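A short worksheet on the structure shown next.
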Amino acid sequence: MGTNDASRDPGYDRFQRFLDEWSRRDFLRGMGGALALSAFMAGGVELLEACGSGQTAQTQAAKKGGHVVEGATSDPTTFNTIFSSDTFSSTVIGMMWTPLLDIRADGTLIPAIAKAVP
């Protein structure tokens with residue numbers, strides 16, 4: 001069943017003209033420009049807020065001691081080195097089984113987490 005020009009949708013012709021006038025490169029260039037402008041404007045707003053507040057930032061002196069807290073987005077699935085297949089399990093196992101001593105290329109022992117070589 002063929003279609004003649006009289007029964008074609010005018011929206012289809014408009015879309016075809018749009019496709020002829022705009023290429024994929026033009027579309028991506030326009031979207032990239034819009035993204036760059038929005039990122040620039042967001043940074044500009046933050047800059048104005050930082051400069052316009054009138055308050056000076058006070059820095060605190062570093063304290064000796066304290067703790068470091070490390071977080072992760074997942075839990076280890078195993079503590080067995082043979083069955084470890086995920087990254088977080090391997091990281092935890094690596095921390096658990098860190099050797100006391102390491103070996104240099106010439107064969108001499110050096111402390112890894114030990115204070116000294118016995």
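In this text, all values refer to a predicted model and were calculated from it rather than measured experimentally.
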Quiz item: What is the minimum heavy-atom distance between Val92 and Phe79, and which atoms define it?
Solution: CG1-CE2, 3.6 Å

Self-check item: Pairwise side chain to side chain donor-acceptor pair (under 3.5 Å) hits with a residue in residues 29-39, at least two apart
Solution: Asp26-Arg29

Quiz item: More than 12 non-hydrogen atoms from neighbouring residues, nucleotides or ligands closer than 6.0 Å to CZ on Phe15, yes or no?
Solution: no

Exercise. Work out which heavy atom in Thr78 is nearest to a heavy atom in Ile93; give both atom names and the distance.
Key: O-CD1, 3.9 Å

Exercise. For Thr91, check side-chain contact (heavy atoms from CB on, under 4.5 Å) against everything at least two apart and list the hits.
Key: Thr87, Met95

Quiz item: Could you state the interatomic distance from CG (Leu100) to CG (Leu109), rounded to the nearest 0.5 Å?
Solution: 11.0 Å

Quiz prompt | Other ILVMFWY residues reachable from Val68 by side-chain steps of under 4.5 Å | solution = none

Quiz item: Linking I/L/V/M/F/W/Y whenever any side-chain heavy atoms sit under 4.5 Å apart, do Leu101 and Ile110 land together?
Solution: no

Quiz prompt | With sequence neighbours excluded, residues passing side-chain contact (heavy atoms from CB on, under 4.5 Å) with Thr98 | solution = Ile113

Quiz item: For Thr77, what residues pass the side-chain hydrogen bond (donor to acceptor under 3.5 Å, both in side chains) criterion, not counting sequence neighbours?
Solution: Asp86, Ser89

Quiz item: Are more than 12 heavy atoms from other residues, nucleotides or ligands located less than 6.0 Å from atom CE of Met96?
Solution: yes

Quiz item: Got a sec, which pairs hit side chain to side chain donor-acceptor pair (under 3.5 Å) with one end in residues 101-118, sequence neighbours left out?
Solution: Asp106-Thr108

